[in-house]
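For ligands, and for the atoms within them, numbers begin at 1 and follow the listed sequence. Atom set for the values below is all heavy atoms of this structure, side chains included, hydrogens, waters and symmetry mates excluded.
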Amino acid sequence: MIDFDEMIDNYIYRESRPPEIGRYWPSMIGACIRKVWYTYKHPKQIDPELQKIFEMGNIMHNFVVEVLKSEKNPHVTLVDYERPLKIEKKDYTISGRVDDIIMLKRDGKLILIEVKSHKNVDFVKEPARSHKMQLMFYMHVSGIHNGILLYIDKNNMKTKSFEINYKKEEAEKVLKRFYLLDKYLKNDELPVAEAKYEKDIMWMCKFCEYKDKCKKDEK
Ligand code: SF4
């Protein structure tokens, strides 16, 4: 008997290399800053189940690209996808990939689209703070100031989308988070347990693989 689960596990498995201090990604910056700090100082192998969730996200994203490219949707043009972006600061680098850039044919407006797969979009009532931060960063760096966060359901392809307006002060807050993260890491200084104290992100602690360590460090 062929074990297909095992074959999928083999295909998806890749050894995760510990992250390098000084190299950061926009997708990480909306998470609890202490948790991000732990991932650099006390790296763990990515859980294979989590890797499957990431893979499913890639599959859904590729599907969205096909939809946007399709001649069946002539009112939009897919201008670019997975465009790499990089900011080189004096002491550190931030690099990432913008998901999709589309142009509305009617008014020539460029829009950045950040795609997030979700297990049930009916429960998405507003865009997640971390996703907004990521998109704000991309809008800032790309100079394209129209954004959409697109949530797509992994079970039935239903979507929910939110228009996100660029706000310079919010983008600057995101940039400041990178600066602080770099400083905390290089000074070996443990950041505040952000998610324990901010109501709208308290849920992050429930899924945090460092919660025991964080509790000990709070003492
Ligand atoms: S347990 Fe909560 S506060 Fe502590 S690192 Fe994890 S997410 Fe942050």
Side-chain angles (χ1 to χ4, degrees), residues 12-58 87 89 91-97 99 114-121 123-138 140 149 151 154 160 162 164 167 169-219:
I12 283 178
Y13 177 79
R14 51 187 83 90
E15 208 166 323
S16 41
R17 272 185 282 151
E20 193 188 313
I21 293 175
R23 294 196 60 199
Y24 308 117
W25 292 270
S27 55
M28 64 168 51
I29 205 59
C32 167
I33 198 154
R34 180 181 283 191
K35 187 202 156 167
V36 181
W37 189 91
Y38 283 139
T39 61
Y40 279 82
K41 294 285 183 177
H42 306 279
K44 294 183 176 193
Q45 272 296 316
I46 300 176
D47 179 341
E49 292 310 307
L50 200 59
Q51 271 182 347
K52 284 183 198 164
I53 293 172
F54 292 152
E55 196 61 36
M56 187 52 84
N58 292 337
I87 285 199
K89 294 281 184 188
D91 299 318
Y92 56 92
T93 304
I94 311 162
S95 53
R97 276 172 200 278
D99 272 0
E114 180 64 33
V115 182
K116 300 291 177 196
S117 54
H118 200 277
K119 59 181 179 219
N120 187 342
V121 292
F123 287 105
V124 180
K125 302 293 176 214
E126 56 182 36
R129 174 189 107 137
S130 56
H131 300 158
K132 266 169 78 177
M133 281 189 188
Q134 191 179 347
L135 185 55
M136 202 56 73
F137 174 83
Y138 288 140
H140 182 77
L149 265 172
Y151 292 92
K154 287 183 263 195
K160 202 168 265 184
F162 301 88
I164 307 292
K167 291 199 181 99
E169 51 299 358
E170 281 188 26
E172 278 164 0
K173 273 190 209 157
V174 177
L175 292 173
K176 183 150 183 221
R177 285 176 72 81
F178 283 111
Y179 163 79
L180 288 172
L181 173 67
D182 187 63
K183 187 169 85 66
Y184 290 136
L185 285 166
K186 287 179 180 161
N187 294 343
D188 209 13
E189 186 187 338
L190 183 68
V192 64
E194 203 180 18
K196 277 196 199 304
Y197 303 109
E198 290 188 28
K199 212 171 151 213
D200 61 329
I201 56 166
M202 276 177 180
W203 61 268
M204 288 181 180
C205 296
K206 193 174 157 200
F207 302 99
C208 178
E209 57 272 49
Y210 294 97
K211 53 178 172 276
D212 293 339
K213 175 150 193 52
C214 178
K215 202 170 169 184
K216 261 193 225 152
D217 288 344
E218 272 308 83
K219 287 180 191 154

Original post:
Which pairs count as ring-ring contact (aromatic ring centres under 6.0 Å, His included) when at least one residue sits in residues 182-206, sequence neighbours excluded?
Top reply: none

Subject >> Between CD on residue E170 and NE2 on residue H140, distance to nearest 0.5 Å >> reply: 12.5 Å

Original post:
Listing residue and atom name, which protein N/O/S atoms are closer to atom 2 (Fe) of ligand 1 than 2.8 Å?
Top reply: C205 SG

Subject >> ring pair (Phe, Tyr, Trp, His ring centres under 6.0 Å) involving H131 - partner list, sequence neighbours excluded >> reply: Y151

Subject >> N-O pairing of K215 and E218 below 4.0 Å >> reply: no

Under 3.5 Å, which donor-acceptor pairs do the side chains of residues 205-214 form with other protein atoms, sequence neighbours left out?
from	atom 1	to	atom 2	distance (Å)
E209	OE1	K35	NZ	3.2
Y210	OH	H42	O	2.7
K211	NZ	K206	O	2.9

**OP:** Answer yes or no: is there a side-chain heavy-atom contact under 4.5 Å between T39 and V36?
**Re:** yes

